[in-house]
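Structure record follows, encoded as structure tokens.
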Amino acid sequence: VDSKAKKIIIDHHPLVKTTRKITNITFIDMKTSSASEMVYDLYRTNKVSLGKRVSQILLLGIIADSQHLFLANGKTLTAVSQLYKIGASIEIAKKILTRERDPSERIARLKGASRISLYKVNNFIIVFSRIGSFHASVAKAIVDLGADLGITIGGNGKESKASLRATQKFYTSSNLHLGTDVANKISDSGGGHPTAASLSKTVDENMLEKLLLNVIEAKLGKLKTVK
């Protein structure tokens with residue numbers, strides 16, 4: 001932030017307010033499945049040759065950010081094909097991305113599942129949980145268990161963080177963009193994808209949960225508690 005160097009942002013997320021203030025040049029494309037695909041486009045457009053190592057890194061980024069190509073479109077697959085021709089290996093990328101969760105993460109996911117608060121609105125199941133670490137992983141685990149939208153909250157009494165995850169069906173049906181409609185509305189540093197977002201705010205956990213509930217209810221209607 002304090003550096004006088006020119007700052008360039010390449011991202012497929014909406015530009016958050018705090019980043020916009022310090023950025024000189026931006027490349028933002030929310031229709032692209034990954035930032036790595038955007039970098040590939042910059043190489044290609046400017047006719048800069050790609051070596052095997054850089055191609056492998058970009059392929060890894062594309063596969064990771066597109067949820068193993070679940071969010072890919074035709075343009076993404078063309079980029080993957082071109083990187084493959086240069087020498088990038090899909091097998092190597094898959095091997096790097098396949099990892100066993102360590103015990104602390106697995107414990108956090110199980111604790112998060114045991115602390116849930118259930119709500120329903122418009123046939124959507126929305127779940128909140130409190131956890132001290134691995135917020136994103138726990139939110140994803142809650143969605144995997146059956147929630148349409150999973151939200152995890154944790155904090156130290158002064159500042160709180162939240163991770164939000166949702167199914168693609170939830171976004172398509174509700175048109176609730178977790179990055180712009182929720183995270184960015186609550187916090188200047190919040191943002192993310194339609195189905196994955198995060199934020200932090202200088203409030204306690206109870207207040208952050210209240211803010212999240214208010215924003216979601218403003219879009220979807222009153223949430224009903226499920227006991």
Side-chain angles (χ1 to χ4, degrees), residues 7-16 19-20 23-101 134-144 147-151 163-184 189-199:
K7 300 174 183 70
I8 302 170
I9 299 295
I10 303 169
D11 204 353
H12 65 135
H13 299 102
L15 195 62
V16 299
T19 306
R20 188 180 295 116
T23 305
N24 302 104
I25 299 172
T26 60
F27 294 93
I28 305 295
D29 184 358
M30 291 184 286
K31 294 181 179 179
T32 304
S33 65
S34 68
S36 294
E37 186 181 333
M38 296 176 66
V39 174
Y40 166 75
D41 284 340
L42 287 171
Y43 269 94
R44 184 180 53 81
T45 302
N46 290 280
K47 299 181 180 179
V48 179
S49 62
L50 279 160
K52 185 176 178 179
R53 182 171 179 271
V54 172
S55 297
Q56 184 66 62
I57 293 168
L58 292 179
L59 179 63
L60 177 65
I62 290 172
I63 292 176
D65 230 357
S66 66
Q67 298 180 21
H68 291 257
L69 302 182
F70 179 77
L71 301 175
N73 53 33
K75 186 168 170 286
T76 308
L77 296 178
T78 298
V80 169
S81 176
Q82 293 300 319
L83 292 169
Y84 183 80
K85 288 178 181 178
I86 295 170
S89 168
I90 293 175
E91 290 74 18
I92 290 174
K94 286 166 66 177
K95 185 176 180 181
I96 292 170
L97 293 171
T98 303
R99 66 175 182 86
E100 184 178 340
R101 293 185 176 90
F134 298 105
H135 298 94
S137 179
V138 175
K140 177 66 168 59
I142 289 170
V143 171
D144 289 342
D148 296 292
L149 170 60
I151 301 172
S163 283
L164 301 86
R165 295 292 184 272
T167 63
Q168 189 65 37
K169 182 180 178 182
F170 172 80
Y171 170 62
T172 302
S173 301
S174 68
N175 201 32
L176 182 70
H177 189 297
L178 298 184
T180 56
D181 294 335
V182 182
N184 195 232
S189 61
H193 300 276
T195 59
S198 62
L199 64 104

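Note that the structure is a prediction, hence the values are computed from the model and not measured. Residue numbers count from 1 along this sequence.
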*asked:* Just verifying a value: how many Å separate M38 CE and F27 CZ, rounded to the nearest 0.5 Å?
replied: 8.0 Å
*Could you pull out the closest heavy-atom pair between G150 and A139, with the gap in Å?*
O-CB, 3.8 Å
*asked:* Tell me every residue that passes salt bridge (Lys or Arg N to Asp or Glu O under 4.0 Å) with K52, counting only those two or more places apart in sequence or in another chain.
replied: none
_Non-hydrogen side-chain atoms of I9 and I25 separated by less than 4.5 Å_ = no
_Does any part of the side chain of I142, heavy atoms only, come nearer than 4.5 Å to the side chain of L149, both counted from C-beta?_
no
*Say you draw a straight line from CG of D41 to OG of S36; how long is it, rounded to the nearest 0.5 Å?*
11.0 Å
*Going from NE2 on H13 to OG on S198, what distance comes out if it is rounded to the nearest 0.5 angstrom?*
8.0 Å
*Might you point out which heavy atoms bring H177 and G192 nearest each other, and give the distance in Å?*
CE1-O, 3.4 Å
*Apply side chain to side chain donor-acceptor pair (under 3.5 Å) to E37 and T32, showing your working.*
CA-CA 7 Å; E37 186 181 333; T32 304; 4.9 Å; no
*Does the side chain of L71 reach to within under 4.5 Å of the side chain of Q168, using non-hydrogen atoms?*
yes
*asked:* Would you say T78 and Q82 are linked by a side-chain donor-acceptor pair, where the criterion is simply a distance under 3.5 Å?
replied: no
*Does K7 NZ have over 12 foreign heavy atoms under 6.0 Å away?*
yes
*Start with the C-alpha gap between H12 and H193, add the side-chain angles, then the distance that decides, and say whether ring pair (Phe, Tyr, Trp, His ring centres under 6.0 Å) holds.*
CA-CA 8 Å; H12 65 135; H193 300 276; 4.6 Å; yes
*Is the side chain of Q56 donor-acceptor paired with the backbone N or O of G87 at a distance under 3.5 Å, no angle test?*
no
*Rounded to the nearest 0.5 Å, how far apart are CD1 of I28 and CD1 of I10?*
9.0 Å
*Among V54, I90, L59, find the residue that satisfies the side chain to side chain contact (heavy atoms under 4.5 Å, CB included) test when tested with L83.*
L59
*What distance separates L77 CG from L69 CG, expressed to the nearest 0.5 Å?*
6.5 Å
*The single option from V39, I57, I86 passing side chain to side chain contact (heavy atoms under 4.5 Å, CB included) against L50*: I86
*Gap between atom OG of S34 and atom CD1 of I63 - 0.5 Å precision*: 10.0 Å
_I need the minimum non-hydrogen distance between S33 and S66, along with the two atoms involved._
OG-CB, 3.8 Å
*Taking all non-hydrogen atoms of both residues, which atom of A79 and which atom of I62 are closest, and how far apart?*
CB-CD1, 4.4 Å
*Determine the minimum heavy-atom distance between N184 and G190, stating which atoms define it.*
ND2-O, 3.1 Å
*S163 and H135: which non-hydrogen atoms are nearest, and at how many Å?*
OG-CB, 3.5 Å
*Decide if atom NZ of K169 counts as having more than 12 heavy atoms of other residues, nucleotides or ligands within a radius under 6.0 Å.*
no
*Do the side chains of T195 and F170 get nearer than 4.5 Å, heavy atoms only?*
no
*For the pair N46 (side chain) and L42 (backbone), establish whether a donor and an acceptor sit closer than 3.5 Å, ignoring hydrogens and angles.*
yes
*Heavy-atom side-chain proximity of I8 to N24 below 4.5 angstrom*: no
*Under the salt bridge (Lys or Arg N to Asp or Glu O under 4.0 Å) test, which residues partner R101, sequence neighbours left out?*
E105
